[in-house]
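In this chain, numbering begins with 1 at the start of the sequence shown. None of these values were measured; they are calculated from a predicted model.
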Amino acid sequence: MISLPDRSEVVRTVRVVGRRTLTSRVIELEMEPLPGDVLPSWEPGAHIDVRLGDDMVRQYSLVPSPSGRKDTWTVAVLVEQEGRGGSLLIESDLHIGDSVMTSGPRNHFSFVEAESYLFIAGGIGITPLIAMCLAAEVSGSRWRLVYLGHERESMAYLEALEQEFPGKVEVYASSEGRRLDVYSAVAEGEPNQHVYCCGPERLMSAVENAMESMERLPFVHIEHFHPRDVETSENTEFVVHAVASDVEFVVPIDESILMAADFEGVIVPGDCLEGTCGSCETRVLSGAVEHRDSILSTEARRSSRTMMICVSRARPGCKRLELDL
């Protein structure tokens with residue numbers, strides 16, 4: 001069964017109770033609920049939305065609490081001077097005692113039970129993989145972590161991971177002249193080994209391509225937090241039948257399904273509006289979809305059981321989609 005986001009997702013205020021500098025560019029924040037509230041539990045791979053303004057929502061993976069508390073959320077933020085502004089706002093405005101709006105958690109990077117894992121992290125992509133390493137260790141599964149970065153000093157959590165899991169962390173720091181042969185790293189694994197990767201687009205594409213060439217796509221899991229480059233067709237007009245609401249409407253070439261649905265009174269959450277957060281994921285009941293998101297796996301796109309209606313559309317030639325809206 002497909003588990004989709006709760007349409008009545010709660011937006012809650014949390015307070016910063018811990019802040020520390022992990023590297024020259026990475027800040028860690030630990031946040032607790034306000035009195036009377038309780039933060040939902042989360043599983044490895046989950047992320048939350050941090051709402052920094054009406055038009056500024058950012059997604060951050062959850063990491064285990066440095067204080068050991070079970071009632072808080074912790075995230076690590078890469079401060080990007082040339083980014084979209086969210087991380088700079090966090091750096092300047094979120095300190096111990098400050099409050100911020102959040103929602104979630106959501107999980108499109110779920111940790112599946114397996115006998116063997118390969119975790120591949122590039123830079124800040126280490127964050128969703130930390131809880132997975134812990135879970136794999138507790139379960140007694142065979143696993144190893146390949147961690148890539150420019151230099152060791154810039155690689156968040158590296159020292160702690162090496163200390164906690166001696167012999168299971170392989171470091172590829174480009175400043176030391178080490179380069180990862182992605183194909184060889186993946187090929188070394190057992191046929192049923194699950195491969196999890198988060199990091200720069202080039203790294204994730206290389207991992208996915210290697211797994212596809214080995215006909216092991218069902219065993220690869222990729223996490224994107226920025227829109228990836230997707231080849232798209234020219235927009236065409238089509239009709240959507242929102243079955244649950246018993247509403248039918250036209251989606252013009254200059255509107256998304258999410259926007260057109262909103263105009264018809266069919267309200268669906270849409271936080272990122274760029275196909276990265278997953279809040280608008282919707283079941284597809286019939287019709288052909290052109291997927292433009294940065295979340296669904298290759299296998300999920302092929303099956304087209306769900307779609308992200310903030311960016312994805314009917315495939316050219318498909319005049320009608322039936323959706324569970």
Side-chain angles (χ1 to χ4, degrees), residues 12 14-23 25-33 37-50 58-79 87 90 94-96 100 102-114 117-149 152-171 194-199 221-223 225 277-278:
R12 54 172 35 88
V14 297
R15 181 170 50 234
V16 178
V17 292
R19 171 173 165 143
R20 62 175 178 152
T21 299
L22 301 180
T23 75
R25 297 182 58 204
V26 180
I27 297 170
E28 181 188 77
L29 299 176
E30 184 172 12
M31 299 165 284
E32 70 176 7
D37 193 12
V38 177
L39 299 182
S41 60
W42 57 279
E43 299 295 328
H47 71 268
I48 61 171
D49 292 337
V50 177
R58 299 291 184 264
Q59 290 76 45
Y60 296 103
S61 294
L62 289 163
V63 300
S65 164
S67 65
R69 291 179 59 176
K70 303 297 184 183
D71 61 339
T72 61
W73 284 341
T74 301
V75 299
V77 179
L78 174 66
V79 179
S87 63
I90 288 174
L94 285 186
H95 298 271
I96 293 176
V100 65
T102 62
S103 58
R106 300 193 200 95
N107 200 336
H108 292 276
F109 198 42
S110 299
F111 183 68
V112 300
E113 292 185 8
Y117 302 94
L118 170 61
F119 304 114
I120 303 177
I124 197 62
I126 188 62
T127 52
L129 302 181
I130 296 173
M132 294 187 185
C133 292
L134 291 167
E137 185 72 9
V138 169
S139 70
S141 300
R142 297 179 294 278
W143 68 274
R144 64 190 177 108
L145 168 66
V146 174
Y147 191 178
L148 294 78
R152 288 174 178 265
E153 293 74 15
S154 68
M155 299 167 72
Y157 300 108
L158 174 58
E159 184 176 352
L161 287 166
E162 288 185 314
Q163 290 178 354
E164 185 162 4
F165 306 115
K168 293 189 176 182
V169 181
E170 301 174 20
V171 180
H194 281 259
V195 178
Y196 284 82
C197 180
C198 186
H221 313 268
I222 304 293
E223 176 85 316
F225 278 117
C277 78

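- When only modelled atom types and interatomic distance are considered, Thr72 and Glu32 share no side-chain donor-acceptor pair under 3.5 Å.
- Ile124 approaches Ala76 most closely through the heavy-atom pair CD1-O, 4.1 Å.
- Side-chain contact between Leu78 and Ser87 is absent, with no heavy atoms from C-beta onward closer than 4.5 Å.
- Between the side chains of Glu43 and Ser110, no donor-acceptor pair of N or O atoms lies under 3.5 Å.
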Let me see the working for Thr23 and Glu153 under side-chain hydrogen bond (donor to acceptor under 3.5 Å, both in side chains), right down to the final yes or no. CA-CA 7 Å; Thr23 75; Glu153 293 74 15; over 6 Å; no

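- Closest approach of Phe109 to Leu129, counting heavy atoms only: CE2-CD2, 3.8 Å.
- Remark: Leu29 CG to Thr74 OG1 distance equals 8.5 Å, nearest 0.5 Å.
- Checked by atom type and distance alone, the side chain of Trp42 never pairs as donor or acceptor with a backbone atom of Ile48 at under 3.5 Å.
- Here Thr102 contributes atom OG1 and Asp49 contributes atom CG; the two are 8.5 Å apart, rounded to the nearest 0.5 Å.
- If you look at Phe119 and Tyr147, their ring centroids are not closer than 6.0 Å.
- Contact of the Asp71 side chain with the Leu39 side chain is not registered, since no non-hydrogen atoms from C-beta on lie closer than 4.5 Å.
- Between Tyr60 and His47, a ring centre-to-centre spacing not shorter than 6.0 Å is recorded.
- Here the SG-CZ distance, from Cys277 to Arg58, works out to 11.5 Å after rounding to the nearest 0.5 Å.
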Criterion side-chain contact (heavy atoms from CB on, under 4.5 Å) on Ile126 and Leu145, from CA distance to verdict: CA-CA 9 Å; Ile126 188 62; Leu145 168 66; 3.8 Å; yes

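- Applying the salt bridge (charged side-chain N to carboxylate O under 4.0 Å, His left out) test to every pair with at least one member in residues 124-141, sequence neighbours left out, gives these pairs: Glu137-Lys168.
- Scored by the ring-ring contact (aromatic ring centres under 6.0 Å, His included) test, Tyr157 finds no partners at all (sequence neighbours excluded).
- Put simply, CG on Leu161 and SG on Cys133 are 6.0 Å apart, with the number rounded to the nearest 0.5 Å.
- Here the closest non-hydrogen pair linking Gly278 and Arg106 is C-CD, 4.3 Å.
- The closest donor-acceptor contact from the side chain of Arg19 to the backbone of Ile27 lies at 3.5 Å or more, if one exists at all.
- The shortest distance between side-chain heavy atoms of Val146 and Leu118 falls below 4.5 Å.
- Side-chain contact between Leu62 and Pro105 is present, with at least one heavy-atom pair separated by less than 4.5 Å.
- Between Tyr117 and Phe111, the angle of the ring planes stays under 30°, which puts this pair in the parallel group of the 30/60° scheme.
- Between Arg20 and Pro66, the shortest heavy-atom contact is NH2-CB, 3.7 Å.
- Ion pair Arg144/Glu170 flagged as a salt bridge, since at least one NZ, NE, NH1 or NH2 atom sits closer than 4.0 Å to an Asp/Glu carboxylate oxygen.
- Minimum interatomic distance between Ala135 and Pro44 (heavy atoms only, all atoms of both residues): CB-CG, 4.2 Å.
- Looking at heavy atoms from C-beta onward, Val17 lies out of side-chain contact with Ile96 at the 4.5 angstrom threshold.
- Side-chain contact between Thr21 and Glu28 is absent, with no heavy atoms from C-beta onward closer than 4.5 Å.
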Begin from the C-alpha positions of Glu30 and Val16 and carry the test side-chain contact (heavy atoms from CB on, under 4.5 Å) through to its verdict. CA-CA 6 Å; Glu30 184 172 12; Val16 178; over 6 Å; no

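- Between the side chains of Glu113 and Ser139, no donor N or O sits under 3.5 Å from an acceptor N or O.
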side-chain contact (heavy atoms from CB on, under 4.5 Å) evaluation trace for Val100 with Leu94: CA-CA 8 Å; Val100 65; Leu94 285 186; 4.0 Å; yes

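- When all heavy atoms of Ala46 and Asn107 are compared, the closest pair comes out as N-ND2, 3.4 Å.
- Rounding to the nearest 0.5 Å gives a distance of 11.5 Å between CE of Met132 and NE2 of His194.
- Rounded to the nearest 0.5 angstrom, Arg69 CZ and Met31 CE are separated by 12.0 Å.
- Take Glu223 and apply the side chain to side chain donor-acceptor pair (under 3.5 Å) test, not counting sequence neighbours, and it matches no residue.
- Within the 4.5 Å cutoff, the side chain of Leu158 has heavy atoms near those of the Val169 side chain.
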